[in-house]
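The structure under discussion appears below in the form of structure tokens.
Quick note on labels: first sequence line is chain A, next is B, and so on, each numbered from 1.
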Number of protein chains: 2
Amino acid sequence: MQELEKEIQPKCLTCSARAISIFNDLNPEEIKNIEEISSCQLYKKGETLFNEGAYPRGIFCVQSGKIKVSQTGLDGKEQIVHLIHDGNIMGHRAILGEDTYSCSAVAMEDSTVCFISKTPFYNMVEKSAKLALKIAHLLSDELKEAERKITDTAQRPVRDRIAQGLLTLKRNYGLEADGVTINLIVKREELANIASTTRETATRLLYELQERGVIELVGKKIKILDEQKLKSRS
Amino acid sequence: MQELEKEIQPKCLTCSARAISIFNDLNPEEIKNIEEISSCQLYKKGETLFNEGAYPRGIFCVQSGKIKVSQTGLDGKEQIVHLIHDGNIMGHRAILGEDTYSCSAVAMEDSTVCFISKTPFYNMVEKSAKLALKIAHLLSDELKEAERKITDTAQRPVRDRIAQGLLTLKRNYGLEADGVTINLIVKREELANIASTTRETATRLLYELQERGVIELVGKKIKILDEQKLKSRS
DNA sequence: CATCATACATGACAAAAATCATAAATTAAA
DNA sequence: TTTAATTTATGATTTTTGTCATGTATGATG
């Protein structure tokens, strides 16, 4: 069944996410332009923004929300490749690489996401070496992270990768007001797909970390009690 | 002891590698400029071009040669992240990301490599959105490959990864005149570090592939007898 | 509230791949 | 060419992690 699309009027000038995005230092005129060529929409938890293999229609700018970007591996097993938060953009790799999407994106929580169509976006970048350089900078950062993840996935034991996964969640989504609880409800299986392991192993290792007093599992949430110990395992 | 540096006069205009590089469609004036700001040097087999963690002084353009780009993982174990061949560039990620090198580069065979210093290179890119877009395109392709490698490393069995490693070698370095022999002498340990496994396992699986008639090991070289079977395992 | 589906916990077991150990072969150096 | 160093081969063993099976908790839905 067709999802009801919830259109929202983009307000880039005052968008708090823009300030921390690659569009942070545009001049008012450029911001006006972006506002004109972009649309904005609410995605409910579980909704798909785009699918691996599809042709990209444009790029997505996350105003607020939590989105997983993942690939399909062997036997359809999901590998989560990026964890997206406010101010991040998605789809730029496919657009700049003149390629189909290499990943799918699914909202892990209700998310407000702006969209800029391919052509106007490309026109903008073609005119501004500064913007192109910013995107190259972003891609460079992402490439560095991906390369390091190859090495870690290949060489570190699952125990370390789970610890790293928890730290990544903290880095991307922060902690709740109490200063210890990871600000995302993550399923065992999702954590497993971040850390490249199985649901069962993730379960076991979370309990082991709890035994050792490193984390605490409270309901569906995870509290980080001893970040140093997590870091020492990664 | 200090290596003797072998300076070579760059001849970008007629460089066969440039034609297949990101500098392929520069106009004669731009080529002249590149020639002026670049130097060219021979690296002997085993020599290091740059080291992980160091500050980049510029980018490298490979005129001819075979270079491995690798990271140091757990207990110093090498993970080979890229296999570089004629026309490829290196160091752009660190420059564009305003970062240190995330990998080291070592010549696997004698290689002729040009060098463009950071500042003149950056000046050039700042002036040309087209060039910046090309680099973004290149980074996009590299990011795609890296992301896929994460998933494969995480999910595929070693057997598949060795097969993929061999195909990667063929893709990057081609075959000898006989049409079957991979055009690179690769040590067991290096193949292992491409496929994210151990030397022993690489040895065993190569022999298994030979038993099954998929490859043939002749001296230090590897012949691909049945590429389809290799592909079916990847 | 009952029932149905989904997510989670946990033990037993199996498989894959790493590690360790040793020897052989090949290559480089004296 | 002899010796030393490096690389490779291969068996035995252990470790890690995945798989399978089953039961429980949790939460949604009629």
So does [X] pair up with [Y], basic N to acidic O under 4.0 Å?
X      : Y      : value
B:E227 : B:K231 : yes
A:R212 : A:D226 : no
B:K149 : A:E147 : no
B:R161 : B:D152 : no

**Prompt:** Between which nucleotides of DNA chain D, read 5' to 3', does contact with chain A run, using atoms under 4.0 Å from its heavy atoms?
**Reply:** D:dT17 to D:dC20

**Prompt:** Can you tell me if B:S21 uses its side chain to pair, donor with acceptor, with the backbone of B:A19 under 3.5 Å?
**Reply:**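 No, because the side chain of B:S21 does not come within donor-acceptor range (under 3.5 Å) of the backbone of B:A19.
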
Rounded interatomic separation in angstrom, taking [atom1] from [X] and [atom2] from [N]:
X      : N      : atom1 : atom2 : result
A:E200 : C:dA14 : CD    : P     : 16 Å
B:K187 : C:dT26 : NZ    : C1'   : 13 Å
A:Q155 : C:dA17 : CD    : C1'   : 15 Å
A:R159 : C:dA18 : CZ    : P     : 18 Å
B:D75  : C:dA18 : CG    : P     : 14 Å
A:N193 : C:dA7  : CG    : C1'   : 14 Å
A:K220 : C:dA7  : NZ    : P     : 8 Å
B:R188 : C:dA25 : CZ    : P     : 15 Å

**Request:** Identify, between B:R204 and B:V186, the residue whose nearest nucleotide on DNA chain D lies closer to the 5' end.
**Result:** B:V186

**Item:** Nearest-nucleotide 5' precedence on DNA chain D, A:R199 against B:E189
**Value:**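 Mapping each residue to its closest nucleotide by heavy atoms, the 5'-most match is B:E189.
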
**Request:** Report yes if at least one side-chain N or O of B:T198 is closer than 4.0 Å to OP1 or OP2 of C:dA18; otherwise report no.
**Result:**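 True: B:T198 side-chain N/O within range (under 4.0 Å) of C:dA18 OP1/OP2.
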
**Request:** Ignoring the backbone of A:T203, work out which of C:dA9, C:dA21, C:dA7 is nearest its side chain.
**Result:** C:dA9

**Prompt:** Under the side chain to side chain contact (heavy atoms under 4.5 Å, CB included) criterion, do A:I89 and A:H92 qualify, and how do the steps go?
**Reply:** CA-CA 7 Å; A:I89 68 172; A:H92 51 294; 3.5 Å; yes

**Item:** Ring centres under 6.0 angstrom apart (B:Y101, B:Y55)
**Value:** no

